[in-house]
Structure formats: structure tokens, C-alpha cells
Amino acid sequence: MKNTNELYKSTLAALESIDVKIEDIAKIVYDLQIEYNDKITLQECIDNVTKVLEKREVMHAVLTGLAIDKAVEKGEFPEPIQSIIKKDAGLYGVDEILPLGIVNLYGTIGLTNFGYLDKKKVGIIKEIDMRKRDLKNVNTFADDIVAAIAAAAAARIAHGYGDED
Ligand code: MG
């Protein structure tokens, strides 16, 4: 359990390093769910985002994606992939494949939500996307990772999971 805790702390720290808080992700979950369930509360969304983030596969995906962004930001990747990730080239696509490890844990609803958020880019996802205008920032993986966490948490609620997945 100690290892999981360390991993969890590192995951939250990685998200904080890109100015993303659990509440920011929970707000997106809330907006996704309110249409289907008008009794949903922000606290419930926060709890569900937390549950998603506690899963080892999710923490691994978050840490991997955000570490790639950071390394590319520092110019540490070899060419030509350094430039491709830095530009967030439309045909790159690995930034959308990696987060599937997060959404796949919650079935088809997770995948559908992810596709929707990837297109709509709402809330904190949009903010992350806007940061790309500052060329020093690399957020190629960050927006998709955050969208996947929100998509998974919304799917978790839709599936009616309680404390256990
Ligand atoms: Mg991306």
C-alpha cells in the first residue's frame, strides 16, 4: 500500500506541475453527468476522479504522458520525434492512444466520453490546449490525459460504482 501512496502523491504532483487540480477535472465530470443525473454533486465528481486516480494503470499512464511532455519541453527527445511531439502534429496520435489505458478501464462509456471531450475541449482541457500558444510549453499529452481522467470518472458514475471498481 505504501508504494501505491507514493505513486499517488507523485501523480497528484505531476498534475499540479501542469496546474491541474482534482476539482478542475471534477468540474468537467459534473458537466458531463448533469444532463443524465440532476442530483449529481461536485463532491461526488471529486470522489470519483479520486477513485480513478487511485488506480495503478491510471497513475502509470498519467506519469508517462506528463513525463514525455516535460522531457520534450526540455528538448531531451531525439529527432525527429522531438519535433513531432513538440509541434503536436495532427498525425502523431500516440498522445490519444496512451490515455486509452485509462478510459478502457471503464468500458464503452469511458471511450465515448473521451471521444466527446477530445473534440469539445471544455474547461481545464481547453486551458491546457490554449497554453500551446506559448511555444515554450509542451502539452501534447497533458490535454488527452486530463480528458481521459474526466471521461473515466464520468463513466464510473454512469456505471454506478461505489467504493470499489
Ligand atoms: Mg494532445
Side-chain angles (χ1 to χ4, degrees), residues 7-33 45-46 48-158:
L7 198 60
Y8 184 71
K9 273 187 223 156
S10 304
T11 304
L12 284 195
L15 287 170
E16 268 166 37
S17 79
I18 57 161
D19 276 320
V20 172
K21 289 185 265 321
I22 287 182
E23 286 83 356
D24 298 322
I25 307 176
K27 280 183 199 153
I28 298 172
V29 178
Y30 181 87
D31 289 340
L32 280 176
Q33 284 307 112
C45 297
I46 290 172
N48 277 277
V49 170
T50 304
K51 280 284 172 201
V52 168
L53 284 174
E54 281 170 356
K55 293 193 80 78
R56 186 181 304 273
E57 301 93 321
V58 173
M59 296 189 278
H60 286 167
V62 172
L63 290 169
T64 304
L66 299 186
I68 294 171
D69 278 351
K70 282 274 179 309
V72 170
E73 210 166 271
K74 292 182 195 150
E76 289 172 351
F77 263 46
E79 289 297 357
I81 202 65
Q82 162 74 29
S83 296
I84 292 171
I85 299 175
K86 187 166 185 186
K87 268 189 291 194
D88 199 4
L91 292 175
Y92 175 56
V94 182
D95 51 332
E96 281 143 38
I97 300 296
L98 179 98
L100 293 181
I102 298 174
V103 291
N104 281 347
L105 294 170
Y106 296 92
T108 320
I109 302 178
L111 191 62
T112 308
N113 288 342
F114 180 59
Y116 172 81
L117 290 176
D118 188 47
K119 288 260 172 320
K120 290 285 263 193
K121 298 204 189 298
V122 292
I124 188 73
I125 302 168
K126 186 169 191 172
E127 279 177 44
I128 294 169
D129 201 51
M130 303 266 274
R131 289 180 206 155
K132 281 176 195 156
R133 291 181 191 175
D134 176 353
L135 291 176
K136 284 192 307 259
N137 265 316
V138 175
N139 294 294
T140 300
F141 282 82
D143 57 344
D144 302 290
I145 290 282
V146 170
I149 298 166
R156 195 179 185 279
I157 295 170

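Both ligands and their constituent atoms are indexed starting at 1 by order of listing. Computed from a predicted structure; not experimentally measured.
- By the side-chain contact (heavy atoms from CB on, under 4.5 Å) test, E127 pairs with I124, sequence neighbours left out.
- Under a cut-off of 6.0 angstrom, the local environment of OH in Y116 is sparse, with at most 12 non-hydrogen atoms contributed by other residues, nucleotides or ligands.
- The count of protein N, O or S atoms under 2.8 Å from the Mg ion (ligand 1) stands at 4, with waters excluded from the count.
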**Report entry** Worked check of side-chain contact (heavy atoms from CB on, under 4.5 Å) between N137 and E73
**Finding:** CA-CA 6 Å; N137 265 316; E73 210 166 271; 3.8 Å; yes

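- Taking N113 as the reference, L32, I109, A151, A154, A155 meet the side-chain contact (heavy atoms from CB on, under 4.5 Å) condition, with sequence neighbours excluded.
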Report task. Kindly determine whether I102 and F114 satisfy side-chain contact (heavy atoms from CB on, under 4.5 Å), including the steps that lead there. Result -> CA-CA 10 Å; I102 298 174; F114 180 59; over 6 Å; no

Please tabulate, for side-chain N and O atoms in residues 75-86, each donor-acceptor pair with protein atoms closer than 3.5 Å (sequence neighbours left out).
| from | atom 1 | to | atom 2 | distance (Å) |
| --- | --- | --- | --- | --- |
| E79 | OE1 | S83 | N | 3.2 |
| E79 | OE1 | S83 | OG | 2.9 |
| E79 | OE2 | S83 | OG | 2.8 |
| Q82 | OE1 | F77 | N | 3.1 |
| Q82 | NE2 | V72 | O | 2.9 |

